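All remarks here apply to the structure that follows.
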There are 2 protein chains.
Amino acid sequence: MSAGCPLCTGDGGLVVVRTSRFRVVRVVDGDEARRFPAFYRLIWAAHVAEFSDLPDTDRHASMDAVTEIERTLRALLAPTKVNLASLGNVVPHLHWHVIARFDWDSHFPAPVWAAPQRDEVAGGAAARLAQPLTAVDAAIAAALAR
Amino acid sequence: MSAGCPLCTGDGGLVVVRTSRFRVVRVVDGDEARRFPAFYRLIWAAHVAEFSDLPDTDRHASMDAVTEIERTLRALLAPTKVNLASLGNVVPHLHWHVIARFDWDSHFPAPVWAAPQRDEVAGGAAARLAQPLTAVDAAIAAALAR
């Protein structure tokens, strides 16, 4: 735990599943959630900054979980692409962004952090997804419980 | 191999090391190389789009190699943060960006794909690194040969 770290003191999103080593949250606030509704984060429980700070078994476990999230997004939403990233420049507490991208989203094919390429979907992009986000959340939780 | 894919038909950077399953290149062209000189990519040899397309052993091997690159960057350059990302929206051939970030670089703490935060280092950022890039290249090649 690090007292000043927002991922130590808060959840960092809507908690979808929590294990002893990590939690998975869905981003539910702000521009990101509206533009990229199937935006999940795997947040490591311990306060470590870099991926290479983890022992091998934890590294593999974290990426196995990221892979399960990716597989679930592909199976339920058929995204154009899945984006994975561990940046942490602002909050140096290990977390993986797992984002379903669509050729119609406001930024595609640019990264979500770049400038928009077109107007965003009126009323929020979630309505264009093939499944409700609650179903995606439940499927991710089920996949990670296996 | 995919005929229209630039990562099937070209190297995608300066090749630092090549194995039967992947190559590691350093980005040497354009704005990215000048602004973020310690910018490496691990490019999977086979044309697969998504991380979850790989069998588990290959997934683990790819991230073990990404981790070795990250460790080498940390050991030689002491970056403020290392950024890892697999996006592939423009070129859907699996590749990992491994980027040493510094609190003085033109975009920090924003992602490299976002808007600049300050002027870039005059004459190129490579001169501010603790080691020449050729030494970093050699250390990455050595780490991945072990």
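In what follows, chains carry the letters A, B, and so on, assigned in the order in which the sequence lines appear, proteins first and then strands, with residues in each chain numbered from 1. Because the structure is predicted, anything quoted here is derived from the model rather than measured.
Although no hydrogens or angles enter the test, the distance criterion places no donor-acceptor pair under 3.5 Å between the side chain of B:E70 and the main chain of A:E50. The main-chain N or O of B:P92 is never found under 3.5 Å from a side-chain atom of A:K81 such that the two would form a donor-acceptor pair.
Comparing A:R101, A:H97, A:R74 by heavy-atom pairs within less than 4.5 Å of chain B, the highest count is held by A:R74. Ranked by non-hydrogen atom pairs under 4.5 Å with chain A, the options B:A115, B:S86, B:A49 are led by B:S86. With chain A as the partner, the residue from B:V82, B:D103, B:L54 showing the most heavy-atom pairs under 4.5 Å is B:V82.
Both B:V16 and B:L77 sit in one connected hydrophobic cluster of ILVMFWY residues. Membership requires side-chain heavy atoms under 4.5 Å apart, directly or through other members. Placement of A:L129 and A:V25 in two distinct hydrophobic clusters is found when ILVMFWY residues are connected by side-chain heavy-atom separations under 4.5 Å, directly or transitively. Transitive grouping of hydrophobic side chains (ILVMFWY, heavy atoms separated by less than 4.5 Å) keeps B:V27 and B:L76 in distinct clusters. Taking hydrophobic clusters as Ile, Leu, Val, Met, Phe, Trp and Tyr residues chained together by side-chain heavy-atom distances below 4.5 Å, B:W44 shares a cluster with B:M63. Both B:W104 and B:L133 are part of a single hydrophobic cluster, where members link through side-chain heavy atoms under 4.5 Å apart.
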How far apart are the C-alpha atoms of A:R59 and B:D64, what are their side-chain angles, what is the distance that settles it, and do they pass the side-chain contact (heavy atoms from CB on, under 4.5 Å) test? CA-CA 9 Å; A:R59 278 199 304 102; B:D64 289 348; 2.9 Å; yes
Apply the test side-chain contact (heavy atoms from CB on, under 4.5 Å) to residues B:L84 and A:W96: give CA-CA distance (whole Å), side-chain angles for both, the deciding distance (0.1 Å), then the verdict. CA-CA 9 Å; B:L84 307 177; A:W96 281 96; 3.9 Å; yes
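Between A:A110 and B:N89, the shortest heavy-atom distance links the atoms O-ND2, 3.7 Å. For A:P111 against B:W113, the heavy-atom pair with the smallest separation is CG-CG, 3.4 Å.
At a 4.5 Å heavy-atom cutoff, the contact between A:D56 and chain B is made by side-chain atoms alone. Both the backbone and the side chain of A:F51 come within contact range of chain B, judged by heavy atoms closer than 4.5 Å. Of the two parts of B:I99, neither the backbone nor the side chain holds a non-hydrogen atom closer than 4.5 Å to a non-hydrogen atom of chain A.
Partner of A:S52 under the side-chain contact (heavy atoms from CB on, under 4.5 Å) criterion, out of B:T67, B:T72, B:V66: B:T67 alone.
Using a cutoff of 4.0 Å between basic side-chain nitrogens and carboxylate oxygens, B:R71 and A:D53 are not scored as salt-bridged.
Taken from NE2 in A:H60 to NE2 in B:H60, the straight-line distance is 5.0 Å, to the nearest 0.5 Å.
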